[in-house]
Each structure stands twice: as C-alpha cells, then as structure tokens.
Amino acid sequence: MTLMMIYRPLLEYFGPQNWWPMQRGFRPPEWEVCLGAVLTQNTNWSNVEKALSNLKASGIISKQDILRLGENELAELIKPSGYYNQKAKKLRILASFNGKVTRNNLLSLWGIGRETADSILLYAYNKPYFVIDAYTRRIFSRLGLVQKDSSYEELRHFFERNIPRDTAIYKEYHALIVELGKRFCRKKPLCNECPISHFCESAPSGDRDECRSRKFPKHR
DNA sequence: CGCCAGGGCCTCA
DNA sequence: TGAGGCCATGGC
C-alpha cells in the first residue's frame with residue numbers, strides 16, 4: 001500500500017477541495033493565507049470565516065492595516081475565532097516580520113509552530129512542505145502506516161518521501177485528509193461509511209482487505 | 001449539557 | 001522531549 005493509493009480514492013470520493021485556489025496562474029494573496037493559517041489554530045474554519053469577515057467589513061486586510069490597529073481592537077474583531085488575545089498578538093508579530101520566508105525564520109516567530117509554518121510555506125508560498133495535523137496523525141496511525149507517537153518531523157518526512165514532490169498534490173492531499181477526518185475518521189470513527197476502510201487496520205474486519213501487501217515498513 | 005475544532009506556548013519533570 | 005495546563009468561541 002502506498003500513500004498515493006490512498007490519495008486517489010479520497011480525491012475521487014470527495015472531489016478537489018480547492019482550499020486556497022491552486023490553479024495555474026493564480027496565487028492567493030500571501031498575507032490572506034497567513035491570516036487564515038494563524039486564525040484556524042485549533043479552531044473550526046467556520047469560526048475563522050466570521051473573524052475574516054469582521055476584518056474585511058472593517059477594511060482591515062493588509063499587514064499595515066493589522067499593525068495600525070491596537071492589539072485590543074484587533075482581538076475584538078477576531079473574537080469569533082477563539083483564543084483571540086493570543087491570536088491578536090501572533091498576527092501582529094507575523095505582520096511585522098519582513099525577513100526571508102524560510103521554515104526556520106517562521107518557526108522563530110512566537111505563535112508560529114510547525115503546522116502553521118508549513119501551511120504558510122505550502123499554501124501561501126507554494127513550497128513543498130507537507131502539512132501534518134491531528135487528523136493526519138490519527139488517520140494514518142489507524143491505517144497502520146505510522147506509529148501514533150511519531151514526531152511531527154518524522155511524519156512530515158514520511159509523507160514528503162512517499163509522495164511526488166508536487167505542491168498541487170501536497171495541497172490537495174492535506175485538504176482531503178482534513179475532510180476525511182471531519183466526516184469519517186472522527187474520534188469515534190464511522191468505518192462503515194468510510195471510503196478507504198478497506199485499507200484500514202482499525203476498521204471492522206468485514207470492511208477490510210485481508211490479503212494486501214505492505215509496501216512500507218512500519219514507521220518508527 | 002458536553003464535546004471538539006485544520007495548535008502553540010510555558011512549565012516542570 | 002514529552003506530558004499537562006492554559007488559551008476561548010461557536011456548532012452540534
């Protein structure tokens with residue numbers, strides 16, 4: 001079993017997710033992707049949309065707009081996204097960053113951890129970093145392809161080694177993982193309706209392929 | 001009402 | 001280097 005053998009049925013089942021538009025010739029505004037990447041930390045995207053529409057309704061879009069605003073006023077506008085005091089601080093720090101956009105430079109900023117950094121690098125700057133989140137860890141450990149306690153960097157390298165180095169695929173795959181996690185591979189999984197249960201070690205045995213070759217060694 | 005969502009930081013071993 | 005506590009709103 002390969003990672004692309006899982007990608008294909010997910011794409012067929014859910015269709016292209018089109019998170020941040022990824023067509024040729026179109027780049028989403030980098031700063032707007034950064035806004036979303038911070039606001040969505042441990043938060044439902046529908047709450048992020050409320051925060052983003054508050055910002056837009058107030059004409060607050062650009063980095064300069066964010067920095068012109070006081071931290072408390074910014075916090076008030078992004079309140080629906082939760083953790084609004086922390087996120088207001090994080091956004092001001094990120095908005096004032098003017099250095100070269102590298103992973104290490106992003107990680108050096110307070111409030112930007114591995115997942116947020118990789119989301120920004122991939123979706124805003126089109127750099128081939130695979131984004132790992134809680135769904136990724138849950139889904140692929142249930143599938144039996146990785147260990148539950150693998151570190152972030154171990155998981156990221158595992159995906160980057162086993163997927164074609166194509167940012168369009170990275171973007172789509174991560175979005176599909178999130179969709180599968182929300183719809184089927186929940187904390188209490190809905191294996192009976194899951195489109196990839198036949199690949200899964202954790203699914204009830206009736207839904208599973210009993211005779212399949214394991215192409216990957218268990219990831220440590 | 002409880003649970004959880006596209007995390008990250010700090011503290012304390 | 002990892003577990004646990006903290007940050008917080010809104011939808012179901």
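Order of the sequence lines sets the chain letters (A, B, ...), proteins ahead of strands, with each chain counted from 1.
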Between [N] and [M], how far apart are the two [atom1] atoms, rounded to whole Å?
{"N": "B:dG6", "M": "C:dA3", "atom1": "C1'", "answer": "23 Å"}
{"N": "B:dG8", "M": "C:dG10", "atom1": "P", "answer": "22 Å"}
{"N": "B:dC1", "M": "C:dC7", "atom1": "C1'", "answer": "22 Å"}

Rounding to an integer number of Å, can you tell me how far [X] [atom1] sits from [N] [atom2]?
{"X": "A:Lys188", "N": "B:dG2", "atom1": "NZ", "atom2": "P", "value": "17 Å"}
{"X": "A:Leu39", "N": "B:dA5", "atom1": "CG", "atom2": "C1'", "value": "14 Å"}
{"X": "A:Asn44", "N": "C:dA8", "atom1": "CG", "atom2": "C1'", "value": "13 Å"}
{"X": "A:Asp133", "N": "B:dC4", "atom1": "CG", "atom2": "P", "value": "16 Å"}
{"X": "A:Tyr152", "N": "C:dA3", "atom1": "OH", "atom2": "P", "value": "18 Å"}
{"X": "A:Arg186", "N": "C:dG11", "atom1": "CZ", "atom2": "P", "value": "17 Å"}
{"X": "A:Asn47", "N": "B:dG6", "atom1": "CG", "atom2": "P", "value": "9 Å"}
{"X": "A:Gln86", "N": "B:dC9", "atom1": "CD", "atom2": "P", "value": "9 Å"}

Closest approach to the side chain of [X], judged atom by atom: which nucleotide of [options] is it?
{"X": "A:Trp110", "options": "C:dG10, B:dG6, B:dC10", "result": "B:dC10"}
{"X": "A:Val178", "options": "B:dG6, C:dG10, C:dA8", "result": "B:dG6"}
{"X": "A:Tyr83", "options": "C:dA8, B:dG6, B:dG7", "result": "C:dA8"}
{"X": "A:Lys79", "options": "C:dT9, C:dA8, B:dG8", "result": "C:dT9"}
{"X": "A:Pro80", "options": "C:dA8, C:dG10, B:dG6", "result": "C:dG10"}
{"X": "A:Trp19", "options": "C:dG11, B:dG7, B:dG6", "result": "B:dG6"}
{"X": "A:Lys50", "options": "B:dA5, B:dG7, C:dG10", "result": "C:dG10"}

Using a 4.0 Å heavy-atom cut-off, does A:Ser81 contact any base of the nucleic acid, only the sugar-phosphate backbone, or nothing at all?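 The residue A:Ser81 makes no contact with any strand.
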| Is A:Leu109 touching bases, backbone alone, or none of the nucleic acid, heavy atoms closer than 4.0 Å? |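 Sugar-phosphate: the residue A:Leu109, judged by heavy atoms under 4.0 Å, touches backbone atoms but no base.
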Across every strand shown, the nucleotide meeting Watson-Crick or G-U wobble geometry with B:dG8 (both distances under 3.5 Å) is C:dC6
### 4.5 Å side-chain heavy-atom contact, A:Tyr170 and A:Val131
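No, their side chains stay 4.5 Å or more apart.
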With the criterion set at under 5.5 Å between ring centres and under 30 degrees between planes, would C:dA8 be stacked on A:Tyr84? no
| query | Would a distance-only check, ignoring hydrogens and angles, find a side-chain to backbone donor-acceptor pair under 3.5 Å from A:Glu172 to A:Ile169? | reply | no
Counting only side-chain nitrogens and oxygens, does [X] get under 4.0 Å of the OP1 or OP2 atom of [N]?
{"X": "A:Thr116", "N": "B:dG8", "value": "yes"}
{"X": "A:Asn85", "N": "C:dA8", "value": "yes"}
{"X": "A:Arg138", "N": "B:dA5", "value": "yes"}

In terms of side-chain heavy atoms, does A:Asn105 have a donor or acceptor partner in A:Ser108 at a distance below 3.5 Å?
no
Assert: residue with more 5' nearest nucleotide on DNA chain B, out of A:Lys187 and A:Gly113, is A:Lys187
5'-most contact on DNA chain B (nearest-nucleotide basis), A:Ile112 vs A:Ser46, goes to A:Ser46
Evaluation steps, side chain to side chain contact (heavy atoms under 4.5 Å, CB included), between A:Lys171 and A:Asn126 = CA-CA 9 Å; A:Lys171 293 172 190 178; A:Asn126 203 42; 2.9 Å; yes
Original post:
How about A:Phe130 and A:Phe158: are their ring centres within less than 6.0 Å of each other?
Top reply: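 No: the rings miss the under 6.0 Å criterion.
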Side chains of residues 178-188 of chain A: which donor-acceptor partners sit under 3.5 Å, not counting sequence neighbours?
from, atom 1, to, atom 2, distance (Å)
A:Glu179, OE2, A:Arg183, NH1, 3.1
A:Arg186, NE, A:Lys182, O, 3.0

Quiz item: Going by the angle between their ring planes, with limits at 30° and 60°, are A:Tyr123 and A:Trp19 parallel, tilted or perpendicular?
Solution: tilted
